[in-house]
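Note that this is a predicted model, so its numbers are computed, not measured. Just so it is clear, the values below take in all heavy atoms, side chains as well, and ignore hydrogens, waters and symmetry mates. Here is how names work: the chains are called A, B, and so on, in the same order as the sequence lines, proteins then strands, and each is numbered from 1.
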Amino acid sequence: MQFQYTAYALPLIVAAIVSGWVALYSWRYRAVRGAVALAILSLAIAELSAAYALEMLGADLPTKLFWGKAGYLGIVTAPLAWAVFAYNYANPGKRLHPWLAVFLVGLTTTTLLLALTTESHKLIWTETFIEQGNGFSVLGVSHGLWFAVHTVYSYILLLAGAFFLLRSILFTQGAYRGQAAAMIVAVAAPWVGNIIYLSGLSPIPHLDLTPFALTITVTAVTWGIFGFQLLALSPIARDNIVDEMKDGIIVINTRNQIADINSSALRIIGASEKDVIGKAGAEVLGRWPELVKKYENVVEASDEISFGEGPDRLWYELRLSPLYDKRKRFLGRVITIRNITAPKQAEELQHSFLDDMKALQEIHLALSEIDDLDILYMKMIALSQQRLGIDRLGLFVVDEDTDELHGTYGVDEHGNARDERYYHEPMSSLHWPWEVLNSPNHAKVWENAEIYDNGVVVGTGWKTGATLWNGHKAIGYLACDNFVTQKPIRPYESELISILGSTFGHLIERKRAEARQKMFLNDMKALQQVHLELSDIDDLDILYTKMIMLSQQRLGIDRMGLFLIDNQTNEIQGTWGVDADGNSRDESYYREKITPDHWSLEISDSLTHTKLWENAEILDNGIVVGTGWKAGTTLWTGHQAIGYLMCDNFLTHKPARPYQAELISLLGNTFGHLIERKRAEASLQESQARYRQIVENASDIIYRADINGKFTYINPTGVHLMGFTNEAEMLGKHYLETVASNFRHRTKRFYDRQYIIKQKNTYQEFPVISSDGRQVWLGQNVQLIERDGEIVGFQAVARDITDLVEAKDSLALARDQALEASQLKSRWLARVSHELRTPLGGVLGYAELLQRGVFGPLEEKQLDAANQIIESANYLTAMVNELLDQAQLENKSAILRINHFNVRDMVDHIVANMSILAGNKGLALSKTIAPDIPEILLGDRQRLQQILINLVGNAIKFTQTGEVSIHLYCPDDIHWAMRVTDTGAGVPKEAQTYIFEPFRQINNAITRENRGTGLGLSITKQLVDLMQGEITVESEADKGSTFTIILPILKDKETEKNL
Amino acid sequence: MTKPFAMIVEDDPKLGIIYEAALQQAGYDTYLDTDGDQIMKKLPDLKPTLIILDAHLPYASGADILHRIRADERWAKIPIIVATADLFVAKSLQGLAEYVLVKPVGLGRLLEIVSQLQDKTGAKL
């Protein structure tokens, strides 16, 4: 092959490249409808342009001829591809009839084969040559017969393609106008090229412009399709959205003709596409004249429309919206129709459900007002019928005690209301409520089930059942059906009845609880009233009777038994206030010993000391009278059981309250306390009376004062003593007001002190002044009154001690006076004795000097006179001594000087001295000393000597004839005795009692010879007493006397040692 | 052997004279102090072998004098006979003097005592 460059080939090469690019571009979008045809078309044009360029570049004929033939591949393919593309573009979703396709492809293929083999048959080209153009050369041909066929065929295809595209453009509106313009260019280009070529008007003769024109076509198509996204949007929108969508879409143009309609809309209207496209909207939508009329001139609207009735009723949402192009020019209207039957149905269902719920709420409210359970049940049935449209509602409640189902259908199978009594049916495992209970939500729906009424089958239909539910347990069952009206079942019938069951269940339970609570409150109120009424009764027997009576009247306890424990006899005594026939009793209480198996122990051993027997034997007076419940409790005082309460409802057979045991326990507590209080009150009154009596009648003053010392109580004795007539006059007075003014300060200090140091008890004496001015001495015991460790007052017992004080005063005075006198006497005696002794010394001294012849020898008579003086002086001295001794002994100033002495020496000395005196009277003085008398004794020798001289002196003095003897002996181991016996005048019996008293002498004892002070024996006795000894006298008149002195043998350590 | 010497302190002049007479008969030289203010002055000169002392004196107390004599070594050994009418004083001075006599004092008794004391003193001498 030989080629020769010519610039005229360049546009063709450009056209080939452009077409080739379009082919590639289209191929990439081959999924888009028509794109494959467009790609083929472009490829064909590229091929024919390229072949034409090569033919032009070919330097010799064979080369041009070859490329000329090669160009036929594109020449024959292009019209077909064009036509197919246009068809596809304009008729989306449609395919060519197969036979037409086969015909077209066959014709095209035939032409191509004929072109390639044209030299042999000359059907395409009859002759070929090089035709010289201006600066280029092309293949020149003469056309054969088939070429004419081909040309006609090609133009037909071109015309068809143009037709399809133009028609499509005609219907294209708005956004697709630009696209339509591109398509017109594409359609027009080959025609213009051809016309120019065939008419010879071409500026370049012999140059076929068709390839250029076709390149313009494909470029325009490509711009049109891809530039306006023609392929990407329009077909997909139509196919996938519009056609496939469930909503019906109808496009109406400005002339109110149907411009487009999708399949859903066709289904809704019930017509085919061909029947409606281009038709007037009013005609197509003739089935709904009102709609047409209503929306004839409406551009934008929204509405809901429905067709059909009942369950088959269909609902649609109608939406009208205007259609504008890019420049906002009105193009027509789009009608969207959406089937909203399902949501509409759901909405209706919801409405009806809500209505039912509202009704349910109203039912609930209405029922809440009802307190009577029987009325409540009937109202439940009636309201369910009225408000919820339930023909027949059956209400069955479980009796917990019997496990039976009680209830009824409120309406019979004909819809007539019933007033018959509830029927009872025992629960069984096959029983229908079990089926309900075991279903989900405890509710069940039976469809096409047998409908029962009172156990009899009355027909077939649906029915439902639900539990009466109170939150945690089933208390009964609901059943319902619409047998009377045969209304269809609601989709939520099961839920509705379930809610109804729950609602009614709660309501019943609440009402039951309220009823129980009300009953409980009433009982408590009654109990309080009973307690109040009983509180006023003081007589214990009446109290017991009233307890039984009021329990019966106020608490509805048929029979009450009251039994009290007698702790002393271990018996209980009491009675049932009412017998087994309900007659009240007035018989006496009976007594029963509490044995180890006694029923009362069963009560006291129970928890909370209360017992409830169910189905127990009911006893009356020890006889079984029937069966039923009974309860017993202790009469409790808080710490001790004092008896028992029993009760039963044997007369009315009323069931026991749920809190029967608690009630009777409370009753037991209440009555127990009441009885205890009444008993305590009685005994308190008694003891108060007793104490009052004691206090009021006491001879002592008894009073109380508050913390400030003001009288708060004073007994009559006190009132009268203080000169008042009644207690009130003294109450509030301060105790110090009554105290004598000169004692107030002291008394106040005394009691202030008692208060401050909290001294429990004090005794104080002080004078008080009565209202009438008397002074009364009180001896008063004051006790602090304490409460919780704090002093709250004083309690005093006082006594009138005026006499005592006065007696004591005078006694003290007397004693003081006596004491003073005695001391005075002693001092006086001491003084007197001193003053007497001194002159006595002179008398005695001078007499003795005379006697001794100091002043010269004396005659006998002179000597005798001196002796008489001496004797008298000595006597006087003795008298003084005795007086002094007596004085000393009287004021207890005499002191013993205990020393060892020789008792024999002492006796000898006395005998020696006294013998002269005795001898003078012609009396014998003898002494005997028993050998067991110790040699040395302890004692006051001088005083012992004085005692003995006294006794011996007395004996000599009162004895005229006979003798005086001294005898010393030991009467026992620890005593020694001195006895002086005489044969004198003796001491008369009556005188023996007083001879030891000072200054006492036996009557007429004082004679000239026997004179004395009368102190001797008194001093002797007092000295003996001082020595803890004893002096006794035994005497008989004219027979003499015996004075015996018994003294203890004193021992000191030294003596003991010697022994 | 010198004559025994007795100092007599006695406010009653009659009794003083009686004591002097009795003692002089018994062979004593005597000195009588009737006020009680001389004895302590005269003691060093007279050096008595016996003192007879009264308790109640116009210018001194017999008890006081007794204590002072007994307190002085020079005179402590001189036998003293207290003669008083006051029993209480007599009791209180018991044991301090050789003899305590309660008035009226019998002369027989006094001389008996004096003789006993003379024997004792003589034996010592």
A.B. asks: Ring pair (Phe, Tyr, Trp, His ring centres under 6.0 Å): which pairs involve residues 15-65 of chain B, sequence neighbours left out?
C.D. replies: A:H834-B:H56
A.B. asks: Given a strict heavy-atom distance threshold of 4.5 Å, which part of B:L15 is in contact with chain A: side chain, backbone, both, or neither?
C.D. replies: side chain
A.B. asks: Are more than 12 heavy atoms, taken from residues, nucleotides or ligands other than A:R897, located less than 6.0 Å from that residue's CZ atom?
C.D. replies: yes
A.B. asks: Any non-hydrogen side-chain atom of A:L840 less than 4.5 Å from a side-chain atom of B:K103?
C.D. replies: no
A.B. asks: Does any heavy atom of chain A fall under 4.5 Å from the side chain of B:D12, the backbone, both, or neither of them?
C.D. replies: side chain
A.B. asks: Mind listing the closest non-hydrogen atom pair of B:A22 and A:L849 along with its distance?
C.D. replies: N-CD2, 3.9 Å
A.B. asks: Does any non-hydrogen side-chain atom of A:R852 lie less than 4.5 Å from one of B:L111?
C.D. replies: yes
A.B. asks: Hey, what do you get for OG1 (A:T838) to CG (B:D54), rounding to the nearest 0.5 Å?
C.D. replies: 7.5 Å
A.B. asks: Heavy atoms only: give me the nearest B:A21-A:V854 pair and the separation to one decimal.
C.D. replies: CB-CG1, 4.2 Å
A.B. asks: Can you give me the closest heavy-atom contact between B:G106 and A:E848, atom names plus distance?
C.D. replies: C-OE1, 3.2 Å
A.B. asks: Is the number of heavy atoms from other residues, nucleotides or ligands within 6.0 Å of CD (B:Q24) greater than 12?
C.D. replies: yes
A.B. asks: Rounded to the nearest 0.5 Å, what's the gap from CD1 on B:I18 to CG on A:L844? Could you check?
C.D. replies: 8.5 Å
A.B. asks: Within a reach of under 6.0 Å around NZ of B:K47, are more than 12 heavy atoms found that belong to other residues, nucleotides or ligands?
C.D. replies: no
